[in-house]
Amino acid sequence: MHKLLDACLDRMAGYRDLPWQPPGQMDIGLGKASERQPEGTVFDVMAQTIMPTATGNTHPAFWGWVHGGGIPASIGAELVAATMNSNCGGRDHGAAHVEAEVIRWLCATAGMARDAFGVMTTGTSQATILALMAARVRRFGEGVRETGIRDLPPVAVYASDGAHACIAQALEVMGHGRAALRGIATDARGAMQLEALQDAIDKDRAEGVEPLAIVGTAGSVGVGAFDDLTGVADLAGSEGIWLHIDAAFGFWTRLADNPWHALSDGIRRADSIALDAHKWPGVQYDCGACLIADRDLHRATFASRPAYLESAAEGLAGGDTWFTDYGLELSRGFRALKLWAAIQTCGTRALGAAITDNCRQAALMGEMVEGSPVLKLAHPVISNVCCFAVEKGDVSRIAADLQLAGQAVFSTITLNGTPCLRAAIVNHRTTEDDLRRAIAAVEATQH
Ligand SMILES: *Cc1c(COP(=O)(O)O)cnc(C)c1O
């Protein structure tokens, strides 16, 4: 175990020199599962065969999709959490207290009212399902838990064209179907057009379709755009519609300096927020949260403990906060500790500074692109995402070549019909030099 820990720490210290590499043929077959292998051998296979085949998002020039970079303190927290092996579904023990504290901190950081609460989740996808289920109970009452959607009118959820696929997926899971999602047109900066939103709501109401929720996006996965959350909150308020905010990574602009801080102004007015700690703050996978302004409603949406899980006044079965009452999982791990450790060891000032840095870097990459004769900026840089087209060649090929060479990881996106390279910078290890080298490598493919 000590040797294994050293191997982990060595790898962590060398992240900068360890880009993604193709996993190739891995000798990890479980064909001999009936025979016991010595732990030393198994640990060696983990350290030498499996660990080097990581996704590579710990590397400073990994900007594909939105993958957090990982931070040391959370590795320590994972070790402690695994050693405790707590089941955070319920009962009175320390892990539940840590989770409650982390949730309260997240709610306060969002600026939500004092009685807001929430639950740690695997990520934003799961949190979105929880949030929209709570919206449904508010709109149609708790009876929907008994009878399902059988007696409900058709419903609609409104989100920007650039909203994440997890919203349609949540509607699928909830039985309303993906067609219940109304994609609202965006403006030149990628923000949902409020007039188009109002028109869509009016049209649905006229046709007997019940608006279930408006989803504001704080940081769109494609281009890093932010909806005008204050404007969206005003509209949701005047229409009496639940406001959910997908703040998977954009939530963390709450810790950044202006102008990026202001992008998420208005988030405090949400009825629910979904966010990820495994993206921008770099907390190890998986770690997300669902925050809900109305704690009683949240609990009423999910609580359903059978007799064998009843709480007691005292002892281990005590405690008035059982997280199983706030979501879909009964048995659940101690996800909160790694975020708690990240906040404590980094401090919010340094976390915020890293987020501000990443936004500055995306803006700088945008300037490099605009200064290049062979690259073309495809969307204004709003936060930490930079998307650009190339003059020659296939962007998928270019992205794959740079990945295979270990130079940089871009992902690809098609914007207004133009295939682009896309960088989403969420790594505190990224430096300006990393940007310059990567842009030079892209330019080199154009000669
Ligand atoms: C990543 C992401 C999601 C999905 O979150 P998971 O943690 O992967 O489930 C949703 N919305 C946005 C904007 C995202 O970036």
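Atoms within a ligand are numbered from 1 in the order they appear, just like the ligands themselves.
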If the plane angle is over 60° it's perpendicular, under 30° parallel, otherwise tilted; pick one for Y326 and F323. tilted
Aromatic rings W63 and F410: how do their planes relate, parallel, tilted or perpendicular, breaks at 30° and 60°? perpendicular
Could you pull out all residues at least two apart from H176 that satisfy ring-ring contact (aromatic ring centres under 6.0 Å, His included)? none
Any donor-acceptor pair under 3.5 Å linking the side chain of T414 with the backbone of T418? no
Could you check whether any side-chain N or O of S220 sits under 3.5 Å from a backbone N or O of A225, counting only pairs where one atom can act as donor and the other as acceptor? yes
Show me a pair-per-line table, with atom names and distances to 0.1 Å, of protein N or O atoms that are under 3.5 Å from an N or O of ligand 1.
{"residue": "ligand 1", "atom": "5 (O)", "partner": "D276", "partner atom": "OD2", "Å": "3.2"}
{"residue": "ligand 1", "atom": "7 (O)", "partner": "T124", "partner atom": "N", "Å": "3.1"}
{"residue": "ligand 1", "atom": "7 (O)", "partner": "D276", "partner atom": "OD1", "Å": "2.9"}
{"residue": "ligand 1", "atom": "7 (O)", "partner": "D276", "partner atom": "OD2", "Å": "2.8"}
{"residue": "ligand 1", "atom": "7 (O)", "partner": "H278", "partner atom": "NE2", "Å": "3.0"}
{"residue": "ligand 1", "atom": "9 (O)", "partner": "T124", "partner atom": "N", "Å": "3.4"}
{"residue": "ligand 1", "atom": "9 (O)", "partner": "S125", "partner atom": "N", "Å": "2.9"}
{"residue": "ligand 1", "atom": "9 (O)", "partner": "S125", "partner atom": "OG", "Å": "2.6"}
{"residue": "ligand 1", "atom": "11 (N)", "partner": "D246", "partner atom": "OD1", "Å": "3.2"}
{"residue": "ligand 1", "atom": "11 (N)", "partner": "D246", "partner atom": "OD2", "Å": "2.7"}
{"residue": "ligand 1", "atom": "15 (O)", "partner": "K279", "partner atom": "NZ", "Å": "2.9"}

Exactly one candidate in Q361, R16, Q407 meets side chain to side chain donor-acceptor pair (under 3.5 Å) with D434; the answer is R16
